[in-house]
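What follows is a single structure, written as structure tokens, with notes after it.
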Amino acid sequence: MALPLSVKVVGDLPLIQLGLEAGMADRPGLQLTPPDGTVAPDVVLWIAGQPLDAQTALRWRSQYPETPILAIIALPQRSQLSMLQTLGIEGAWAISSDFDDLEATVQQVAAGQARWPLPQDLRTPIAPPLGFFQWLHQSSLVQIDTQLLAIEGQLRHPHWNWLDRTFMTGRRRELKAARALMDWLWNGGQPTPLLALAQPPAPAAESLVLSPTARRIRDRQHLKVLLWDQLTERLQQPLSNLTGRPLELDILRSDRQRELLAIILRRLNDLIADLQFSQLSTEQIVEKLPQLRQDLWQQSLSDFYGRYRDLQLDSATIELSSRLSDEWTRLAPSLVARLHGDRQVLLTLVHGLPVMIDGTAYALEAPEAQARLQLLLENLLLRLANAIVQPLLNCFAEVTAIKQEFYDAQHLSNRELTRFRNQLNWADRWEQLLENPRSIYESQWPLLHFVADGIDRCQVYAPRDQELQQLSGVQQTITLVMEARDAIAPQVSGLIRWLGSGVVFVLTQLLGRGIGLVGRGVLQGIGNAWQPDRRLKSDR
């Protein structure tokens, strides 16, 4: 049996690199080189950005002069492929292809044979030229349909108020009326299908779509590849905060948010590989769980901020990662209190243990197990990301260099930054004082997870009797108040309903009838006074 080819992935696009590493982990003919550099690669996969940079290609060519290089390109064009051939690159692979084609391409390049995909501009048929009025009609429909799709997505936002929703509904109605008018002028009233004429935008260099294949999960490795593919694809979508409370991630730019989450996912993948290589038992993993959490947090923090980066403050030079790592002792209790199921994730992906859901064990093949693991993984990523941003806000929040490199444009001013930190502190105190005791008392665990439009929260059942016994005095008082409310609320509600029925009876049967009799007597008196007056007029 032939030995697998050792492959090294290089480039500056972490999301695509993560997707490639997760996809190749399931290929018996390919093997990733260890990060320590002890094994020389047979083939180097270079993730080429858009547009292609000749200097970067020459740098990798000079760094690996004797190793074949395979360029990973999103949309291969004839000019790009010609430039790569001129620079000495042995082949290219289109991101839209499947991993079976990637494995065959790597083997062919490793054997010394060039492999080039069909250029995109040759695969796309040339459309016939359009007349001016036809072009005007089609381009107008494209603009209207694009606006309609954007409005439909905004209307699905759960936290919009009534005024904004009414305005967007009116805007959608106007666009539909304009579209109907254009169809009537051009097609005589025949409607054109939505976006039938719109050209899809070209995918970006980082838009590697790794859709999970419809196959039965055979083992934990297949399950891990499926989960990683779904998370990698999800990181390409919006990351808006829909939880109703501020998160530390909100202060980062969108590209920095994706970079941080991709780093954590890669480090988690390395941690699972190390645990499998070390052959630790389930008891040893549970025993080392606090250290594993710290290592995962520490390594992700160093990769995100730079392992050896220095920060200049006045006349002092501070090593950023080392200084932020000192905050672990203070951050660990709050992070552990928000993590749920990280032990389940490690034990399942390392040893293939079944997933426990509401006291029932589900095998890896069960859809319930995959959905629960996906939820626990997303919560782990988001909680760790918040814990990595939090020490930066505590130590160097107002440093200009930090704000310009990491912060969103909305939080660059000192006023907005101070307001955000105050909101974050108030939300943390409110969570510790009220939300945590309530979740513990109700045997629920709040989890952060991804939804279609961003990040949201949900609750899952989890027995928390031991935590209930360890609540402090104020938190215990909150649970007692909730217990008293549950005990008294039915009786109070019944009493209020009984009193309400009595009040209704008094108002309708007694006072209502009395008022009705008085009103009837007044009307009769007015009528009697009116009749003599009419008789006098008739006599005249």
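Scope of the values below: all heavy atoms of this structure, side chains included, with no hydrogens, waters or symmetry mates.
- Atom-to-atom distance recorded for Trp93:CH2 and Ile73:CD1 is 11.5 Å, nearest 0.5 angstrom.
- There is a side-chain donor-acceptor pair under 3.5 Å between Gln344 and Thr348.
- The two residues Leu247 and Ile455 come nearest to each other via the heavy atoms CD1-CG2, 4.3 Å.
- Of the possible polar contacts, none joining the Glu398 side chain to the Thr418 backbone as a donor-acceptor pair under 3.5 Å is found.
- In terms of heavy atoms, Leu70 sits closest to Ala92 at CD1-N, 3.3 Å.
- When atom types are taken as modelled, the side chain of Ser254 and the backbone of Pro238 share no donor-acceptor pair closer than 3.5 angstrom.
- In this structure, Gln410 places its CD atom where only 12 or fewer heavy-atom neighbours from other residues, nucleotides or ligands lie under 6.0 Å away.
- Rounding to the nearest 0.5 Å places CG of Leu381 at 11.0 Å from CG of Leu376.
- Considering Arg267, Arg266, Arg309 in turn, Arg267 is the only one that fulfils the salt bridge (Lys or Arg N to Asp or Glu O under 4.0 Å) rule with Asp303.
- His411 places no side-chain N or O within donor-acceptor distance of the main-chain N or O of Lys403, the cut-off being under 3.5 Å.
- Gln298 contributes no side-chain N or O that, together with a main-chain N or O of Ser325, makes up a donor-acceptor pair within less than 3.5 Å.
- The side-chain heavy atoms of Ile402 and Leu311, taken from C-beta on, include a pair separated by under 4.5 Å.
- Within 6.0 Å of the CZ atom in Arg256, the count of heavy atoms belonging to other residues, nucleotides or ligands exceeds 12.
- With hydrogens and angles disregarded, no donor-acceptor distance shorter than 3.5 Å links the side chain of Asn269 to the backbone of Ala273.
- Considering all non-hydrogen atoms of both residues, Leu227 and Leu373 come closest at CD1-CB, 4.0 Å.
- Crowding of Glu287 atom CD: a count of heavy atoms from other residues, nucleotides or ligands under 6.0 Å not exceeding 12.
- Of all non-hydrogen atoms in Tyr64 and Pro41, the two that sit nearest each other are CE2-CG, 4.2 Å.
- When all heavy atoms of Asp42 and Pro68 are compared, the closest pair comes out as O-CD, 3.3 Å.
- The shortest side-chain heavy-atom distance between Ser300 and Leu384 does not fall under the 4.5 Å cut-off.
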- Item | Derivation and outcome, side chain to side chain contact (heavy atoms under 4.5 Å, CB included), residues Arg323 and Phe396 | CA-CA 10 Å; Arg323 175 62 183 88; Phe396 307 108; 3.6 Å; yes
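- Side-chain atoms of Glu90 come within 3.5 Å of backbone N or O of Ile69 as a donor-acceptor pair.
- The closest side-chain heavy-atom distance from Leu260 to Val389 is below 4.5 Å.
- In this structure a side-chain-to-backbone donor-acceptor pair under 3.5 Å is present from Glu378 to Phe450.
- Judged as a side-chain hydrogen bond (donor to acceptor under 3.5 Å, both in side chains), the pairs with a partner in residues 331-342 (not counting sequence neighbours) are, in order, Arg293-Asp342, Arg338-Asp428, Arg338-Glu431.
- With contacts defined as side-chain heavy-atom distances shorter than 4.5 Å, the pair Tyr305/Ile388 qualifies.
- Between Asn241 and Leu249 the shortest side-chain heavy-atom distance does not fall below 4.5 Å.
- Checking Gln291 against Asp295 by side-chain atom types alone, a donor-acceptor pair falls below 3.5 Å.
- In this structure, Glu368 and Val355 have side chains that are not in contact, with every pair of non-hydrogen atoms separated by 4.5 Å or more.
- Trp297 places a side-chain N or O within donor-acceptor distance of the main-chain N or O of Ala387, the cut-off being under 3.5 Å.
- Judged purely by atom type and a 3.5 angstrom limit, Arg253 uses its side chain to pair as donor or acceptor with the backbone of Glu405.
- Separation of atoms NE2 (His351) and OG1 (Thr282) is listed at 6.0 Å; rounding is to 0.5 Å.
- The distance from the CD1 atom of Ile263 to the CZ atom of Arg258 is 14.5 Å, given to the nearest 0.5 Å.
- Between Pro446 and Asn379, the shortest heavy-atom distance links the atoms O-OD1, 4.2 Å.
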- Verdict with supporting geometry, Leu392 and Ile251, side chain to side chain contact (heavy atoms under 4.5 Å, CB included): CA-CA 11 Å; Leu392 186 70; Ile251 202 169; over 6 Å; no
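- Distance CG/Leu380 to CG/Leu335: 8.5 Å, rounded to 0.5 Å.
- Leu30 places none of its side-chain heavy atoms less than 4.5 Å from the side chain of Val43.
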- May I have the step-by-step check of side chain to side chain contact (heavy atoms under 4.5 Å, CB included) for Phe420 and Asp250, ending in yes or no? CA-CA 9 Å; Phe420 175 77; Asp250 296 341; 3.9 Å; yes
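- For Asn386, the side-chain hydrogen bond (donor to acceptor under 3.5 Å, both in side chains) test picks out no residue, with sequence neighbours left out.
- Side-chain atoms of Arg383 do not come within 3.5 Å of backbone N or O of Val336 as any donor-acceptor pair.
- With a 4.5 Å cut-off on side-chain heavy atoms, Thr67 and Lys8 do not count as touching.
- Note that CG of Leu280 is 6.5 Å distant from NZ of Lys288, once rounded to the nearest 0.5 Å.
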- Apply side chain to side chain contact (heavy atoms under 4.5 Å, CB included) to Trp228 and Leu349, showing your working. CA-CA 12 Å; Trp228 258 244; Leu349 297 181; 3.8 Å; yes
